[in-house]
Amino acid sequence: MNQANKLLMLIVVFGLIALAPMLITQESLLNIVIMTLYAALLGQAWNILGGYGGQVSFGHAAYFGTGAYAVAVLQVQFGINPWLGLVVGGFAAAAVGAFIGFCTFRYGLRGSYFALVTLAFAEVLRILSNSVDFTGAGVGLLIPLERSAANFQFASKEGFFWVIWAMTFAAFLTVWKIGNSRFGAQLMAVRDNEDAARALGVDAFRVKMGAIMLSGFFAGLAGVFYAQYFLYLDPHIAYGAAISVESLLVPIIGGMGTLFGPLLGAAFLHGLSELSRAVIGDAPGISLVLYGVLLVVMVLFVPRGLAGLASHLRSGKPAESRVEEGKGHA
Amino acid sequence: MPDSAIIIPSVLNGLTTGGLYALVALGLTLIYGVLHIINFAHGALLMLGLYAVYFLNVQFGIDPYLALLIVPPAMFALGYALQRGIIGRASHGRDENILLVTLGLSIIIENLSLYFFRSDTRTVDTPYSFDVVEIFGAFLPYPKVVAFVGALVTAALLWLLMSHTDLGRAIRALAKERKGAQLVGINADHVFAMSFGLGVACLGVAACLLLPSYYVNPQVGGGFVLIAFTIVVLGGMGSFVGALIGGLIIGVVEALGGLFLGESLGQIGIFLIFILVLIFRPNGLFGAKA
Amino acid sequence: MLEINALCKSFGGVQASQSVTMTVPQGGITSLIGPNGAGKTTLFALITGFHTPDSGSVRFLGQDITCLPPEAIATRGMIRTFQTVQPFAGQTVRENIAVGAHLKIRGRTEALAKAEDVARQVGLGDRLDMDAGSLTVAGRKRLEVARALATDPKMILFDEVLAGLNPSEIRDVIPVINTIRDAGVTILLIEHVMQAVMSLSDYTWVLNQGAIIAEGPPREVVSDPHVIEAYLGKGMAERIAKREAASA
Ligand SMILES: Nc1ncnc2c1ncn2[C@@H]1O[C@H](COP(=O)(O)OP(=O)(O)OP(=O)(O)O)[C@@H](O)[C@H]1O
Ligand SMILES: [Mg+2]
C-alpha cells in the first residue's frame with residue numbers, strides 16, 4: 001500500500017468508526033468502542049517510540065500517569081479547567097519523555113537496558129506520587145463529579161466517544177505523517193541500524209528525542225482521557241506496570257512499526273477479553289493470562305504482528321521478521 | 001538524627017535482607033553471564049518457588065529447610081524446560097524479544113497463581129519463625145541469619161560448580177566463545193538450558209530460605225525483580241561476587257533509606273541507584289568502564 | 001582536502017593506529033592499502049567520528065573535525081561506507097537510499113525521487129522495491145555506494161566496496177566509481193583488489209600494523225620492497241627482485 005492509499009484507508013476507517021454512536025445505542029457497547037480507541041491511542045503512542053524507533057519501553061506508565069495526574073491535580077488542587085489540563089497533561093508527559101530520553105539516549109542506553117531503565121523511571125514516579133500530598137498520596141484523587149461538556153465530563157458516553165475518537169485519529173494521522181516524512185525515515189533508519197544512519201548524517205540522538213517526546217505526548221493524552229472518564233486516580237493505576245504492559249502489548253500484537261497495527265491490536269485484545277469474560281466469567285487474572293500467552297506467542301511466532309500476518313496473506317510471500325538473524329544471542 | 005543504637009541493628013538487618021536479595025540476584029546474574037539475556041520472569045519464578053515451599057509445608061508438613069531437597073531440583077527442571085521450549089527460541093536476533101517473552105511468562109505465571117491461589121498473603125508457621133540471634137548487641141531474626149549464611153554457601157557452591165566441574169567448564173566456554181565452544185562439540189542448547197535451570201534452581205534455594213521469615217502472594221515476585229536487576233547491574237552483569245556484594249549494599253541502602261526517609265521513599269533509593277549505575281557505569285561498580 | 005595528523009588509537013594492547021599522518025587532495029581518487037588487520041577500517045572510523053582518537057587531529061576542508069560525532073562529519077560532506085555492509089534490512093532499496101538523500105533534502109517525495117536517480121546511476125534501478133535485506137552481496141555493496149552518493153557528498157570513503165564481488169561484477173562497479181569521481185567528488189578508498197587500485201587511483205598510501213609505510217603513485221608503491229614485505233612476509237622482496245633479475 002502506498003502512502004496516499006494508507007491515508008485514504010485511515011480516513012475511511014475512522015469515518016466508519018465515527019458511525020458507532022449512531023449505530024450503537026447501548027451504552028455498554030459504546031463503552032467497549034471507547035476503550036478500544038483508548039487502547040489504540042496508548043498503543044500508537046508506544047508504537048512511535050518502540051515500533052518506529054526500535055526503543056522498547058517498559059515504562060510508558062510514566063507518561064500516561066503524568067498526563068492523568070496533571071489534569072486531575074490541576075482540577076482538584078487549583079480549580080483549573082480540564083480542557084486546559086488536557087493541553088498541560090500532553091506537554092507535561094512530553095517533558096517527562098524528554099527527561100527520560102535525555103538521561104538514556106545521551107548515554108547510549110539501548111535494547112534491554114533502555115527497557116529496564118524506563119521501567120525504573122515509572123516506578124520512581126509511582127513511589128513519588130504515593131508519597132507526596134498534592135497527588136493525594138496512596139489514597140488517590142477523586143475528581144469531583146460535575147457533568148458538563150465545558151468541564152470535560154459528558155452526561156452521555158457519546159461525548160467521551162468523540163473526544164477519544166479525535167485524539168486517536170490525531171495520533172494515527174501523526175503516525176501516518178511519520179511514515180511519510182524525513183523525520184520518520186531517519187527514525188526508522190536509526191531503528192534498523194544506528195551506525196549506518198549516523199554515517200549518513202542522521203542525528204540519532206535528536207531523532208530519538210523527537211520520538212520519545214511525541215510518544216510521551218500521546219500517552220499523556222491517553223492518561224488525561226482516562227482520568228476524565230473514570231474520575232479517579234491512584235499511584236497504582238497511573239504509574240503501575242499494567243499500563244506499561246498494555247501499551248506495549250497492543251502494538252506488538254497488532255504489528256510494531258505499522259500504521260494500523262495498534263488499532264488491530266486494540267480491537268483484538270478487547271474482543272478477546274470480552275470473549276473470555278463471556279466464556280469463563282469474571283475470574284480474576286484469566287484475561288491477563290491470555291494477554292501473557294498472546295505476548296509470548298506473538299514474539300515467538302508472529303514477530304510482525306497481525307498487520308504483518310495480513311500483508312503476508314495478501315501477498316502470499318513469507319512473513320519473515322524485520323530483524324536480522326544471527327546478531328543476537330540464544 | 002537516629003543514633004548508633006538504631007543504626008547498627010538497622011545495618012545488620014539490612015545485611016541479612018541483602019543476603020536474601022543476593023541469593024535471588026545470583027540466579028539472575030548466572031543466566032545473564034552465560035546467555036546474555038535478561039530474565040524478566042525471575043520474580044514470578046521466585047513466587048512459584050515460594051508457593052511450592054508453602055504447600056509442601058501446609059500439605060505435607062515438610063519443613064522449609066527440608067524442602068531444599070525438593071524445590072531447587074524441581075525449579076531446575078522447570079527452568080531447563082522453559083529455556084529449551086520457549087525462551088531459547090524467542091530472540092530472532094534482538095535481546096528485547098527475550099525481555100518481552102519473559103515478561104509474557106511472568107504475566108502468565110502471576111495471573112495463574114492469582115487464579116488458583118487467590119490474592120491472599122500466606123505465611124508458614126515454623127518453630128523457629130520468631131527465634132532471634134544476638135549479634136553485636138542487635139537481635140536478628142534466626143531465619144534471616146540462616147538465609148544470610150545460605151546465600152554465602154550457595155554462592156560458594158556455584159563458584160565450585162563453575163570452576164571445578166565439566167559442566168562449569170562447558171558453561172564458561174560457551175559464555176566466552178559461542179562459536180568456538182560449539183566447534184569443540186559442546187551442545188549449546190543443552191548447556192544454555194542447564195545454565196538457565198541452575199539460575200532458576202537458585203530461586204528455589206532462595207524460596208526455601210526466604211519463606212520462614214517472609215510471606216507469599218501472587219504479586220510478591222514483582223518487588224524482587226527490579227531489586228535483583230539493580231543488584232546485578234551494580235555488581236557487574238554476570239559476576240557472582242558482584243551479586244553478593246551488590247545484594248548486601250542494596251539491603252543496607254534499603255534499611256537505612258527506610259530509617260531516614262520512611263518505607264516508601266526509601267525504595268526510591270534503589271531505583272535511583274539502578275538508573276544511575278546503568279547510565280554511568282553500565283559494567284557495574286567493580287567492572288571496567290565501558 | 002583531508003589532512004590527518006599523527007593520529008593514534010589503541011584497543012587494549014593493539015596499536016591500531018600509530019601516529020598516522022596522511023593527506024588527501026581535492027578531486028581524484030586516493031587509495032589506502034595494507035594487509036589484513038593493518039588498521040585501515042579503524043582509520044576510517046577515526047576520521048569519520050566513529051572512534052575517538054587517543055591523540056592526533058583530523059582536518060577536513062581546513063576545519064578541525066577531530067572530536068565531532070559521525071553525523072556532524074557527514075553533514076559537512078564526508079561520508080563513509082562500511083566494509084561489512086549495513087543495509088536497513090526490512091526497508092526497500094528506495095527507502096534505504098532516501099535516508100541518504102534526506103541529508104540535504106527535506107521533502108519526502110523529492111528524496112524518494114533522488115533515491116531513484118541514484119539507484120539508476122549505480123545500477124540498482126531494477127531493484128528499487130526489493131527488501132534491502134534480500135539483496136545479493138554485490139547488490140548490497142552497490143547500495144552502500146548509492147546511499148553515500150545520495151547525500152550529495154564532497155568526499156566519500158569507500159571501505160572495500162569491491163570485496164566479495166566476482167571479476168565481472170568488479171568490472172561493472174569500477175565505472176560507477178569513476179563517474180562519481182568525474183562528478184567532482186573526492187574519493188578515498190580502501191581496497192585489496194590490486195587491479196582496481198592500479199586502474200582507479202592516482203595516489204596510494206600503504207598502512208601496515210597501524211603505521212604508514214609507503215606512499216606514492218600506485219605503480220611505484222607496489223614495487224616498494226617495504227610494501228612487498230608487509231604483504232608477503234620478510235625476505236620476499238629480495239627473492240622477487242632476484243627472480244626478476246634472473247629472468248631479465
Ligand atoms: N573495536 C575494536 N576493539 C578492539 N580491537 C579492534 C577493534 N577494531 C579493530 N581492532 C583491531 O585493530 C586492528 C586493525 O583492525 P582493522 O579492522 O582496522 O583492520 P583492516 O586494515 O581494516 O583489516 P581488513 O583488511 O581485514 O579489513 C586489528 O588487530 C583489530 O583486531
Ligand atoms: Mg577493514
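Just so it is clear: chains get the letters A, B, ... in the order the sequence lines come, proteins before strands, and each one is counted from 1.
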Is chain B contacted by the side chain of [X], its backbone, both, or neither, given a heavy-atom distance below 4.5 Å?
| X | result |
| --- | --- |
| A/Ile286 | side chain |
| A/Val245 | side chain |
| A/Ile252 | side chain |
| A/Leu128 | both |

#### Entry: Contact listing (chain B partner; residues 108-124 of chain A; heavy atom under 4.5 Å)
A/Leu109, A/Gly111, A/Ser112, A/Tyr113, A/Ala115, A/Leu116, A/Val117, A/Leu119, A/Ala120, A/Phe121, A/Glu123, A/Val124
Examine whether an atom of [X] lies under 4.5 Å from a heavy atom of chain A, and if so say whether it belongs to the side chain, the backbone or both; otherwise answer neither.
| X | value |
| --- | --- |
| B/Ile86 | both |
| B/Ile38 | side chain |
| B/Ile268 | both |

Can you tell me if [X] has over 12 outside heavy atoms packed within less than 6.0 Å of its [atom1]?
| X | atom1 | value |
| --- | --- | --- |
| A/Arg206 | CZ | no |
| B/Asp120 | CG | yes |
| B/Phe117 | CZ | yes |

So, taking the atom named [atom1] in [X] and the one named [atom2] in [Y], what distance separates them when rounded to the nearest 0.5 Å?
| X | Y | atom1 | atom2 | answer |
| --- | --- | --- | --- | --- |
| B/Leu103 | A/Leu249 | CG | CG | 8.5 Å |
| A/Phe102 | B/Ile279 | CZ | CD1 | 10.0 Å |
| B/Glu96 | A/Phe58 | CD | CZ | 9.0 Å |

### Message
Please output the residues of residues 106-115 of chain B in contact with chain A, using a heavy-atom cutoff of under 4.5 Å, in numerical order.
### Response
B/Ile107, B/Ile108, B/Asn111, B/Leu112, B/Leu114, B/Tyr115
## Note on the structure
Closest non-hydrogen atoms of A/Val296 and B/Val101, given as atom of the first, atom of the second and distance, are CG2-O, 3.7 Å
